[in-house]
Peer 1: 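Pasting a structure here, questions to come.
Small disclaimer: the values here were computed from a predicted structure and weren't measured. Letters go in sequence order (proteins before strands), and every chain restarts at 1.
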Amino acid sequence: MPRKITLTPPITEAQARELTCGDIVFLNGTVFAWRDRASERMITLADRGEKIPFELEGSVHWHCGPIVQQTPSGWAVSSAGPTGSMRFSAVEGRAIQDFGVRLIVGKSGMSAEVRAALRSKGAAFLAAIGGGGSLYAKQILHVRQIDWLDLGLPEAFYTLEMRDFGPLLVAMDSHGESLYEKLRLQEKLEELWAEIDDRRSVGEIDWDR
Amino acid sequence: MKETISASQIGDLALHLLAKAVVEIPAQYLGLMEAACLRESNPLARIHLQAMLDAARVAKEEKRPVCQDTGITFFQMKIGGKIKIAGDWTHALHLATAKATGIVPLRPNIVHPLSRKNQGTNCGWGLPYIHYDHVADVDYVEITAIPYGGGGAGQTAFVEIPRIGPKVKPLMKGILKTIIDAKAACPPMVVGVCIGGSKDLAVRVATQAVFRRPTGAANSDPEARAMEAELLDLANRLNIGPLALGGDTSVLALHLELRGCHTAAIPCAVAFNCWPMRIASARIYPDGRVEEVVYPPHPKISGEGKCPEK
């Protein structure tokens, strides 16, 4: 059975280094959710040497643009799940190195650059269920703040208070491990290609046609 | 005199279908997920499949969109030749999309490609995407509403193969490679393939093949059927698995279509949908009758989104 670990941000280096691939994490407390346009703005600010107006040390990033609705009692989220993380590799590499981000929640893995940053600074990538928006939205206790609304509703910067946010699977850890790399997909593909080369027909189809 | 269906009836039904599609994954499709869960030998993959089924159940029960990415709105229409439509039905579909965006709500995804301006309606600059077929012999309009998520839609690709030499093996290999390259699209995926056509037709047919129903039903053409069965089997040996973290089900269904092509060419396009299959169809008749188009799950499967115990 995988280990179940509950953490409350801000996350320390020691807590992040304790996580290993295959652990299941639940989070309580503040999580920042954002996506493409906000990542561009963070890079722009960092390049100009300006301060990013959020406390990133020990923070948790969630690659997510939720469905939100304004209600009399504030913003309500009906669905919120991870978006693909690979495209945020450059910004997260820097966020880990320079701003002390400790946990990244997303999907489908990140680059070798991020893997190196996770290792050198002590941080981890947690895989959420893509298409699990209905489940995670229920774990949002409340939307504390929405910044950068000028980027558009899906692209704004969300500060969320989470309760039992999970299950999140540690998929890349600070020990250099990555569950994605272990699959050896390229080798599998080449095996199947060799098998196809040896075939002559399937059904009514001559494969050498 | 042909009987008449009004554009506003079409708009009302489109709104209903769009609202339904984002929260309710078809039972027939959930049946495929349940069957995958039963077959799965990787414990982590089983946990993921179960979580997906839970997400689908919660979405339906609480009317929460199963995925926050409610996508680009895609309408497939069948317009019967025995009826006529009074009013501007494409405008009615635009209004339905804008209305759904406000009241469901949908995430307002659509922006201008360069300025990135967002009108907040999921409309504008040629969207929603509407495709229609004229069906001569019927007396209804069939609307299929598809909130086509960016994760799946973004993976559409051509398979390029040498124009001189054999075709089948390079196509099979290229399609498998394309499936691996699309692994970020929230697998297990539904894959649509079109071999032949012009390039633009190949993309459209591959996309429509993704949404062929019932999902997983074989093509009636024996060559296409043999190839899609073979590709499905090979794809599920890639070990992409649910969420691309390994497992026996990478592709839930693979639908392949063949189209005639120019003697000098062999276009092949591959399109994808993520595991949350958002789709709802219904027919409307001139007397105002509405008939939802639904497909039953496999008789041995509940279709209720429960991962069967082994």
Side-chain angles (χ1 to χ4, degrees), chain A residues 1-2 22 24 37 64-69 77-87 107-109 127-138 151-155 167 169 171 179-180 182-186 188-189 191-193 195-197 199 201-209, chain B residues 22-23 44 47-48 51-52 54-59 62-70 104-109 111 116 118 120 149-151 154 166-169 172-173 176-177 180 183-187 222-223 225-227 229-230 234 237-241 243-246 274-276:
Chain A
M1 281 299 284
I24 301 285
R37 299 289 88 74
C64 170
I67 300 179
V68 292
Q69 200 173 17
V77 179
S78 61
S79 187
T83 189
S85 296
M86 190 58 84
R87 65 190 189 276
K107 72 178 176 83
S108 50
I129 310 276
S134 60
L135 295 181
Y136 298 123
K138 286 164 65 92
L151 299 176
L153 215 44
E155 301 283 348
L169 174 74
L179 295 182
Y180 302 99
K182 281 191 174 157
L183 297 179
R184 300 175 187 280
L185 292 179
Q186 189 59 34
K188 282 269 174 4
L189 180 66
E191 279 170 34
L192 292 179
W193 280 2
E195 203 177 298
I196 289 170
D197 279 332
R199 295 280 288 272
S201 68
V202 56
E204 300 175 21
I205 303 172
D206 171 2
W207 281 41
D208 287 320
R209 196 163 67 184
Chain B
V22 293
V23 299
L44 181 63
I47 291 170
H48 284 143
M52 290 169 182
D54 290 344
R57 203 179 51 245
V58 167
E62 302 189 14
K63 294 210 179 307
R64 292 174 176 277
V66 62
C67 179
Q68 76 289 345
D69 182 6
T70 49
V104 174
L106 308 179
R107 199 173 66 180
N109 287 328
V111 299
R116 316 307 287 186
N118 190 332
K167 303 287 182 271
V168 177
K169 285 180 181 174
M172 300 289 280
K173 289 182 181 178
L176 286 182
K177 167 83 164 62
I180 284 210
K183 64 181 187 295
C186 289
E223 291 202 333
R225 184 165 64 228
M227 246 178 133
E230 193 67 30
L234 289 165
R237 289 164 58 200
L238 285 169
N239 195 32
I240 299 169
L243 303 178
L245 283 162
C274 44
W275 74 262

Peer 1: Which bit of A:R37 is near chain B, if near means a heavy-atom gap under 4.5 Å: side chain, backbone, both or neither?
Peer 2: side chain
Peer 1: Quick test of your reading of the model: are A:E155 and B:R116 salt-bridged, counting only N-O distances below 4.0 Å?
Peer 2: no
Peer 1: With B:R225, which residues qualify under salt bridge (charged side-chain N to carboxylate O under 4.0 Å, His left out), at least two apart?
Peer 2: none
Peer 1: Quick one: what part of B:K177 sits under 4.5 Å from any heavy atom of chain A, side chain, backbone, both or neither?
Peer 2: both
Peer 1: Given that the side chain runs from C-beta out, which part of A:L169 has a heavy atom under 4.5 Å from chain B: side chain, backbone, both or neither?
Peer 2: side chain
Peer 1: Measure B:I180 against the heavy atoms of chain A and call it side chain, backbone, both or neither at under 4.5 Å.
Peer 2: side chain
Peer 1: Measure B:D69 against the heavy atoms of chain A and call it side chain, backbone, both or neither at under 4.5 Å.
Peer 2: neither
Peer 1: Chain A heavy atoms under 4.5 Å from B:P105: which part of the residue, side chain, backbone, both or neither?
Peer 2: both
Peer 1: Is there a side-chain contact between A:D197 and B:K173, using heavy atoms and a 4.5 Å cut-off?
Peer 2: yes
Peer 1: Select one option (side chain, backbone, both, neither) describing which atoms of B:I47 are under 4.5 Å from chain A's heavy atoms.
Peer 2: neither
Peer 1: Under 6.0 Å from the NZ atom of B:K63, do we count more than 12 heavy atoms belonging to anything else shown?
Peer 2: no
Peer 1: Check each atom of A:A80 against the heavy atoms of chain B and say whether the ones under 4.5 Å are side chain, backbone, both or neither.
Peer 2: backbone
Peer 1: Just so I understand: if I count every heavy-atom pair under 4.5 Å between each of B:P166, B:G120, B:A229, B:G150 and chain A, which residue has the most?
Peer 2: B:P166
Peer 1: Looking at B:N118, B:L243, B:V22, which makes the most heavy-atom pairs under 4.5 Å with chain A?
Peer 2: B:L243
